[in-house]
Amino acid sequence: MSHWLLRHTLAAFGLCVASASALAAGPPPPERFRLTPQLLERMEALQAASPEAARPGDDDEPDAQSVQELARQLDADPRIRALLARHRVSSIEYATAVYAALHAGMFLAMESLADKASRTKALASFTPEQRANIELLRRRPIK
C-alpha cells in the first residue's frame, strides 16, 4: 500500500471513529441544545395533536427529573411514540428541547422582575445556546 493511500485510509478510519464517538455520546445537554424555529413549529404541532394521544382521565404531565427520564416516559406510550414519529421528532430531541425551552421561557417570564444588572449577570452566566434560545423565544409571537 502506498504511503499516500495509507495516510488517507488512516484519516478516514479516524473520522469514522470520531463520528461513532459523537453519536454514542448522545444529544447535547439542555444547556447546550439550540432550539430552531422549525423544531418549535414541530413541537407546537405536536402539542396541537396531543389530545389524540391522551388517555381518558389522564391529564397529569410526566414528572420527569431529567431529559433521559422524560424521553423514557414518552417512549413508554405507543401513542406518543407514534405522534413523535409523525412529526419527525425523536423522544430524546423532544425532551431536550422541552428543557431548553423551559429554561428560556423561565428567564423571559422573570426578566421584568429583575434589575438590568441582575439580568446582565444572569445572561453572562448562560451558554451561547441558552442566550440564543432566549432570543428565539423573545422574537416568537405568543400563541
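Only this structure's heavy atoms are used, side chains among them; waters, hydrogens and symmetry mates stay out. Here the structure is a predicted model, which is why all the values come from computation and not from measurement.
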Run the side-chain contact (heavy atoms from CB on, under 4.5 Å) test on Arg72 and Asp75 for me, step by step, so that the C-alpha distance in whole Å, both residues' side-chain angles and the decisive distance to 0.1 Å come before the verdict.
CA-CA 5 Å; Arg72 277 191 300 276; Asp75 283 336; 5.7 Å; no

Qualifying residue for side chain to side chain contact (heavy atoms under 4.5 Å, CB included) with Arg88, from Gln38, Arg42, Glu93
Arg42

Measuring from [X]:[atom1] to [Y]:[atom2], what's the distance to the nearest 0.5 Å?
| X | Y | atom1 | atom2 | answer |
| --- | --- | --- | --- | --- |
| Arg79 | Leu74 | CZ | CG | 13.0 Å |
| Leu83 | Asp77 | CG | CG | 9.5 Å |
| Thr36 | Leu136 | OG1 | CG | 7.5 Å |
| Leu35 | Asn133 | CG | CG | 3.5 Å |
| Gln68 | Ser91 | CD | OG | 10.5 Å |
| Glu135 | Arg138 | CD | CZ | 4.5 Å |

Give the minimum heavy-atom separation between [X] and [Y], together with the two atoms involved.
| X | Y | value |
| --- | --- | --- |
| Ala97 | Met43 | CB-SD, 3.5 Å |
| Leu137 | Ala104 | CD1-CB, 3.4 Å |
| Arg131 | Ala124 | NH1-O, 3.9 Å |
| Glu129 | Phe33 | CB-O, 3.8 Å |
| Ala100 | Pro30 | CB-O, 3.8 Å |
| Arg34 | Ala132 | NE-CB, 3.2 Å |

Has Thr127 got a side-chain atom pairing as donor or acceptor with Arg32's backbone, closer than 3.5 angstrom?
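Answer holds: no.
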
Donor-acceptor pair, Arg119 side chain versus Ala114 backbone, under 3.5 Å?
yes

Are Leu108 and Val98 connected into the same hydrophobic cluster when the rule is that any two of I, L, V, M, F, W, Y join if their side-chain heavy atoms are below 4.5 Å apart?
yes

Hydrophobic clusters here meaning ILVMFWY residues chained together by side-chain heavy-atom distances under 4.5 Å, can you tell me if Leu123 and Leu102 are in one?
no

Carefully, step by step, assess His87 and Glu41 under the rule side-chain contact (heavy atoms from CB on, under 4.5 Å).
CA-CA 10 Å; His87 290 277; Glu41 288 169 12; over 6 Å; no

Between Phe126 and His103, is the ring centroid distance below 6.0 Å?
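Yes, the ring centres sit under 6.0 Å apart.
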
